[in-house]
There are 2 protein chains.
Amino acid sequence: MAGPRGEYRKSAERRAQILEAASTVFARTGYSASSVNEIARVVGISQTGVLHHFAGGKPALLQAVLEQRDARAEDRLSGRHGREFLAGLVAISRAQADQRGLVQLYRLLAAEATDPAHPAHEYFSTRFRRIADAVTQAYREVADAGGLRPGLDPRTAALRTLAMTEGLELLWLQGFEVDMAGDIADFLDAHLTDPLARG
Amino acid sequence: MAGPRGEYRKSAERRAQILEAASTVFARTGYSASSVNEIARVVGISQTGVLHHFAGGKPALLQAVLEQRDARAEDRLSGRHGREFLAGLVAISRAQADQRGLVQLYRLLAAEATDPAHPAHEYFSTRFRRIADAVTQAYREVADAGGLRPGLDPRTAALRTLAMTEGLELLWLQGFEVDMAGDIADFLDAHLTDPLARG
DNA sequence: GTCTATACCCCGATAGAC
DNA sequence: GTCTATCGGGGTATAGAC
């Protein structure tokens, strides 16, 4: 199980360092206004040093940052259905309170990417739709089991849940003292016949 | 009631043109990534021509754009209290559906301005807090009149209302077909003993 | 009021030495 | 793997002519 040695290992570590630096720099000033040079400065190497590790330049850096986060986050919900899935949303919210930089990064990039010319435009639009569909599906499963309050439409409930989640995140970033996880749990409970278990 | 003539009038018109161009350019690419040059190109004059009218440079342009919008929006709520104020929130949401560019501008700037070094940082943080306080006050007035459902705290209700408003705006910008005004009205009604009048 | 010209800075990318 | 040097482009801002 020994990892790569010598030059290879050094390269992998550099890549990781660069990725982390890119993440914090993008989070602070967004994609367009950030520079490879500044990322390099954070790492402590030259601009060309960074480009050596990411041949595709700045867009490649962005893509790598996004992929890294997705890989870490997606399995938190995979395989969960109905009420379990909804409970997973609460868990994710709770975890985000410790990742301010990452949340900020996503918020800023998502806003920038509204422009169709932005390199991450496609990424965000499909990602958002995928999430909305997954939440809709979860509500549908809850409804089939008789756990959804009467008169509620799964799709509408999903969009409102998403809106509340994103909105609370926004307020939290703005510096308001909101209990994201608690508020989302309350909001979900308002849709269900039986409340979710609290963690 | 005749306006200014001759040179003065020409100047005022130019300023208005520049402001409008700045608004659309900022909305498309954000503040940091926009250039005075591009704004000038949209207007059809040179870069120095723009700077002639806005001595403070790019930051002055940004400030002017923000002030212009506030001036137009604030009186929509001034003098209204309690239920009337809440109904005003719904009206504002309805109006925003026709102002995609402006909404986009605010969303992007607010995200950028999370950075304390951003020229609009202070503006957004005080603005957001002012809105939150105003909504809290409105809920308090409703509560005093016995119109708030029992067990609800005005401040918490206000923050959740704000979160829902912002979140719906976000989803709408992302391309989802959401009825912002209708959903907000529903959300408000869930807090009140009597539903608001629908427009 | 608007222009051209210009000074000076930072950007991303490439070539080539070590 | 990392560097310096360099190219071409674009940014803000100022000086001064018309």
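Sequence lines set the chain letters: A, B, ... in the order given, protein chains first and strands last, and positions in each chain run from 1.
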Strictly below 4.0 Å: does [X] bring a side-chain N or O up to OP1 or OP2 of [N]?
X	N	value
B:Ser35	D:dG10	no
A:Asn37	C:dC10	no
B:His52	C:dC3	no

Go through C:dC11, C:dG1, C:dC3 for me and flag the one nearest to the A:Arg41 side chain.
C:dC11
Side chain of A:Ser46: nearest nucleotide among D:dC3, C:dC3, C:dT2?
D:dC3
Only counting residues at least two apart or in another chain, list the ones meeting ring pair (Phe, Tyr, Trp, His ring centres under 6.0 Å) with B:His53.
none
Where along residues 18-33 of chain B does a heavy atom fall under 4.0 Å from DNA chain D?
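When residues 18-33 of chain B is checked for heavy atoms under 4.0 Å from DNA chain D, there are no hits whatsoever.
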Please work out which residues in residues 108-123 of chain B have a non-hydrogen atom less than 4.0 Å from an atom of DNA chain D and list them by number.
none
Nucleic acid footprint by protein, nucleotides 13-18 of chain D - heavy-atom cut-off 4.0 Å, B for base, S for sugar-phosphate alone:
BBB---
Applying salt bridge (charged side-chain N to carboxylate O under 4.0 Å, His left out) between B:Asp189 and each of B:Arg149, B:Arg83, B:Arg198, report the one that passes.
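For B:Asp189, the salt bridge (charged side-chain N to carboxylate O under 4.0 Å, His left out) check succeeds only for B:Arg198.
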Can you tell if the side chain of B:Phe85 reaches within under 4.5 Å of the side chain of B:Glu141, non-hydrogen atoms only?
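Contact flag for B:Phe85/B:Glu141 side chains = no.
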Test side-chain hydrogen bond (donor to acceptor under 3.5 Å, both in side chains) applied to A:Arg155 - qualifying residues, sequence neighbours left out:
A:Asp133, A:Thr136
Rounded (10°) bend between the five-pair end axes of the helix from C:dG1-D:dC18 to C:dC18-D:dG1
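So the angle between the two local helix axes works out to 0°.
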Looking only at atom types and distance, does a side-chain atom of A:Thr29 sit under 3.5 Å from a main-chain N or O of A:Val25, one as donor and one as acceptor?
yes
Is it the case that atom [atom1] in [X] sees more than 12 heavy atoms from other parts of the structure closer than 6.0 Å?
X	atom1	value
B:Gln63	CD	no
A:Glu20	CD	no
A:Glu122	CD	no

Checking A:Tyr123 against A:Asp70: is there a side-chain donor and acceptor pair closer than 3.5 Å?
yes
Can A:Gln17 and A:Glu13 be counted as having a side-chain donor-acceptor contact under 3.5 angstrom?
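Checked: A:Gln17/A:Glu13 side chains show no N/O donor-acceptor pair below 3.5 Å.
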Yes or no on side-chain hydrogen bond (donor to acceptor under 3.5 Å, both in side chains) for A:Glu112 and A:Ser32, after CA distance, side-chain angles and deciding distance?
CA-CA 8 Å; A:Glu112 275 187 309; A:Ser32 319; 2.8 Å; yes
Within 45° of the six-membered ring axis of B:Phe187 and under 6.0 Å from that ring's centre, is NZ or CZ of A:Arg160 located there?
no
Ring centres under 6.0 Å, that's the criterion: do B:His118 and B:Tyr31 meet it?
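Yes, close enough.
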